[in-house]
Amino acid sequence: MRILPAIRFTSYDHAEGDVVELSGEIAATWCNAGLAELVREDEPETPDQAADAKPETTAARSRGGRPRKSS
């Protein structure tokens with residue numbers, strides 16, 4: 001989480017822009033109150049990085065065909 005305004009409590013002190021790890025409940029509360037925003041420090045995984053990833057496949061077409069119209 002990135003701290004938006006400086007926050008000072010008795011047990012900790014965060015300056016504006018500090019990046020900290022918070023538990024899910026506290027993170028959600030602070031985001032909803034405008035005190036912090038979610039940031040992601042790790043880079044998204046690319047296909048080159050995922051050596052064991054399987055290639056995407058498309059669904060096979062159904063052999064059942066289209067439904068018949070009733071006459």
Side-chain angles (χ1 to χ4, degrees):
M1 305 296 303
R2 178 177 295 122
I3 305 301
L4 297 178
I7 299 172
R8 176 172 282 179
F9 290 100
T10 55
S11 59
Y12 53 86
D13 181 16
H14 298 301
E16 182 178 342
D18 283 354
V19 176
V20 298
E21 289 189 31
L22 301 172
S23 70
E25 185 176 326
I26 294 172
T29 301
W30 285 23
C31 281
N32 290 335
L35 300 174
E37 64 183 357
L38 182 61
V39 293
R40 186 176 182 145
E41 289 186 332
D42 56 335
E43 293 183 29
E45 188 173 279
T46 63
D48 293 338
Q49 293 172 330
D52 60 341
K54 296 180 181 178
E56 290 187 26
T57 59
T58 57
R61 186 174 218 170
S62 173
R63 293 184 181 175
R66 295 184 183 177
R68 295 182 183 183
K69 292 183 181 178
S70 58
S71 5

Per-pair distances, 0.1 Å, donor-acceptor, side chain in residues 12-29, under 3.5 Å, sequence neighbours excluded:
{"residue": "D13", "atom": "OD2", "partner": "R8", "partner atom": "NH2", "Å": "3.0"}
{"residue": "D18", "atom": "OD2", "partner": "A15", "partner atom": "N", "Å": "2.8"}
{"residue": "T29", "atom": "OG1", "partner": "E25", "partner atom": "O", "Å": "2.9"}

With N32, which residues qualify under side chain to side chain donor-acceptor pair (under 3.5 Å), at least two apart?
none
Do you reckon L4 sits in the same ILVMFWY cluster as W30, going by side-chain contacts under 4.5 Å, direct or chained?
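No, because L4 and W30 fall into different hydrophobic clusters, even though each may have its own neighbours under 4.5 Å.
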Please name the pair of heavy atoms, one in G34 and one in P5, separated by the smallest distance, quoted to 0.1 Å.
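In this case the closest contact between G34 and P5 is O-CD, 3.8 Å.
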For a side chain to side chain contact (heavy atoms under 4.5 Å, CB included) check, start with the C-alpha distance between M1 and V39, then their side-chain angles and the critical distance, and finish with the verdict.
CA-CA 5 Å; M1 305 296 303; V39 293; 5.8 Å; no
